[in-house]
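The block underneath contains the structure these notes are about, expressed in structure tokens.
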Amino acid sequence: MVKKTAVQMDIFKEIPQTGENIKENPVSEKRDERQVKESRKQTQDTAHILAQKQREISISEFFLKNRHLLGFDNPSKALLTTVKEAVDNSLDACEEAGILPEIIIVIRQIAENRFSVSVEDNGPGIVKNQIPKIFGKLLYGSKFHTLKQARGQQGIGISAAGMYAQLTTGKPIRILSKIRSQQESHQFEIQIDARKNAPVVVREDTIIWSNNDVLKEHGTKVEMEIEANYKKGSHSVDGYIFQTALANPHATIIYYPPEGEFVKYERVSNELPVESKPIKPHPYGVELGIFIKMIHETKAKTLRQFFTSEFSRVSPRIAQQIAESVNLNADQRISSLSPSQIELLYQSIPKIKIMAPPSNCLSPIGDQLIISALKRQFKADLYYAVTRPPTVYRGNPFLIEAGIAYGGELPSEEPVEIMRFANRVPLLYQQSACAMTKAIVSTSWRSYNLQQPKGSLPVGPMVIFIHIASAWVPFTSESKEAVAHYPEILKEIRLALMECGRQVSIHISRTRRFMDQEKKKSYIEKYIPHIGEALREILELNKAEEERVNNTLRETLEKSRTKIVLKEAD
């Protein structure tokens, strides 16, 4: 027992003093309280310090640090992105004003890695008080809240290019604009206050704008100095302008590169694209949060009025079906709906059959114009294009157009060349990440007499042209370089490619038969003189009669060949 008690006492000795022991150490007690207070004070001070560091950042500051998201991740791509944003704005402005576009692009090399970029158009011009906001404020535009086909949407592109110019060279963006009703033109030099996402007007004046002593009637010119590199090739400014001319056959584009002679792409059509009309959102494409927001902001009084006025393709009868599916009255007041009833309404929408949204918000290129553009740019044997009927993804209407150029002078031992477009804008980067490339690779081109390594692009003398027209193109990033892999989009692209593939297969089969027949014809022609000699000996013909026999045989062979060709053409 004594031994066990000794062990227990040793254990208690290792435990810190408590109870009566604390009372016996007042100095230790004060020291512990002071440490606790200092610890609490330090924690509070740290929280206050962290709170003082918190601040709101503007969209300009965000993209200033993340410019790669907008396509300014390297000097070569920065030059292309700058030209692209300015040209897209010019084309949109001209088309909205009903003007056939004529765009002049000038790139001058100022230093080893510094370039001056100028883009001039014959558009309607810009009202004076709007110029600073359009070019000096990110997320400022007129297209974000409208559902219709347009090249730009967010109002980021051209102002981001100006911000990149300011960041890399310190120079402001220069704008010259004239509207038809005014004699003088407005000239601005603008920088961006990134902290406030606001324009700073460095200089403003009015001038008389003339080109070669000819007064400019209307238009806009944007000029900026940027840090960049110029390279030739399909992924350069040259390739972008070439493809832009291909997808916009109604535009004349004049291009002055830093090296070499200027290039002029004449328009092949004097008709503007069909004007796209803004539409209201379709019920199938609206998410719950947006649906709740629409209910809270609507001016409609009843459920019926809300559905028919805020959505496309919703008639009073459809609105009543949606309401009745959750045991509500279509004439019930919006203000009386509870959150649970709103959610039930939203969940009932997919169960009601609603017509697809209208397609007049789209403006396709058209198969005939695609063929004309391909003929202008490529020397081939076969040209074909197809425009698919409009369809829907997430409630957003879209349509797919595809065209091909096959044979001729195109390289036959290389993978096919792909040209991707979204709302008439070329997509030059991130080809492997794009839904269009995936659709091409997943199509069985061997069925159409083309070689295709497993999991790769087909090989052969062919150019594939794919265009998606949509009120809202689902890009994979803000740089707008690849289309997301929506199943509905992939399906439509494959169907368009399969139709083009059938035409290629028919052409290849016809060409092979023609070559076989030509080979047979050459064999027969080789033996015609021998047949003539044999007939002369048998029938005792003279030389002139022998020649007539040979000519008759040749004419008969040619006629039979013509009949075969005509039959195949039919």
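Numbers here simply count residues along the sequence, with the first being 1.
- Under the 6.0 Å cut-off for aromatic ring centres, Phe311 and His282 do not qualify, their centroids lying 6.0 Å or more apart.
- Using cut-offs of 30° and 60° for the angle between ring planes, the Phe291 and Tyr346 rings count as tilted.
- Judged by distance alone, with hydrogens and angles left aside, the side-chain atoms of Arg420 form a donor-acceptor pair with the main-chain N or O of Leu427 at under 3.5 Å.
- Under a 3.5 Å cut-off, the side chain of Arg313 and the backbone N or O of Met355 do not form any donor-acceptor pair.
- In this structure, CD1 in Ile292 is found 11.5 Å from CD in Glu287, a value given to the nearest 0.5 Å.
- With sequence neighbours excluded, no residue satisfies salt bridge (charged side-chain N to carboxylate O under 4.0 Å, His left out) with Glu488.
- In this structure, OG on Ser177 lies 11.0 Å from CD on Glu120, to the nearest 0.5 angstrom.
- Applying side chain to side chain contact (heavy atoms under 4.5 Å, CB included) to Val237 and the options Ile107, Val87, Thr82 leaves one that passes, Ile107.
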Stepwise salt bridge (charged side-chain N to carboxylate O under 4.0 Å, His left out) check, Arg114 with Glu112: CA-CA 6 Å; Arg114 183 174 290 197; Glu112 183 179 356; over 6 Å; no
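- With no hydrogens or angles considered, no side-chain donor-acceptor pair links Arg376 and Tyr265 at under 3.5 Å.
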Under the side chain to side chain donor-acceptor pair (under 3.5 Å) rule, what do Asn449 and Ser505 come out as? Steps first, then yes or no, please. CA-CA 6 Å; Asn449 296 319; Ser505 177; 3.2 Å; yes
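- Checking Tyr384 against Glu499 by side-chain atom types alone, a donor-acceptor pair falls below 3.5 Å.
- One distance of note links CG of Leu362 with CD of Glu401; it measures 9.5 Å at 0.5 Å rounding.
- Listed for the Arg424 side chain is a donor-acceptor partner under 3.5 Å among the backbone atoms of Pro364.
- A cation-pi arrangement is not found for Lys264 relative to Tyr255, the charged atom failing to lie both closer than 6.0 Å to the ring centre and inside a 45° cone about the ring normal.
- Of the possible polar contacts, none joining the Gln243 side chain to the Asp238 backbone as a donor-acceptor pair under 3.5 Å is found.
- In this structure Glu271 satisfies the salt bridge (charged side-chain N to carboxylate O under 4.0 Å, His left out) test with no other residue, sequence neighbours excluded.
- Note: Glu481 CD to Gln430 CD = 4.5 Å, rounded to the nearest 0.5 Å.
- With hydrogens and angles ignored, the 3.5 Å screen pairs a side-chain donor or acceptor of Ser312 with a backbone N or O of Lys280.
- In this structure, CD1 in Ile400 is found 8.5 Å from NE2 in His467, a value given to the nearest 0.5 Å.
- Under a 4.0 Å N-O distance rule, the pair Arg388/Glu492 qualifies as a salt bridge.
- Put simply, the side chain of Ile110 does not reach to within 4.5 Å of the side chain of Phe115, judged on heavy atoms.
- The structure places CG of Asn89 at 8.0 Å from CD1 of Ile126, a figure rounded to the nearest 0.5 Å.
- Closest approach of Thr443 and Met498 over heavy atoms only: CG2-CG, 4.4 Å.
- Using a distance-only test at 3.5 Å, with no hydrogens or angles considered, a donor-acceptor pair links the side chain of Asn423 to the main chain of Ser470.
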Residues Met419, Ile466; criterion side chain to side chain contact (heavy atoms under 4.5 Å, CB included); working and verdict: CA-CA 6 Å; Met419 292 189 173; Ile466 301 178; over 6 Å; no
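- Remark: of the listed residues Glu223, Glu225, Glu227, Glu225 is the sole one forming a salt bridge (charged side-chain N to carboxylate O under 4.0 Å, His left out) with Lys171.
- A donor-acceptor contact under 3.5 angstrom links the side chains of Ser442 and Arg494, judged on distance only.
- A donor-acceptor pair under 3.5 Å is formed between the side chain of Gln452 and the backbone N or O of Trp445.
- Checking side-chain atoms of Thr252 against main-chain N and O of Glu266 turns up no donor-acceptor pair under 3.5 Å.
- The backbone N or O of Tyr406 sits nowhere less than 3.5 Å from a side-chain atom of Tyr383 that would complete a donor-acceptor pair.
- Asn248 places no side-chain N or O within donor-acceptor distance of the main-chain N or O of Ala251, the cut-off being under 3.5 Å.
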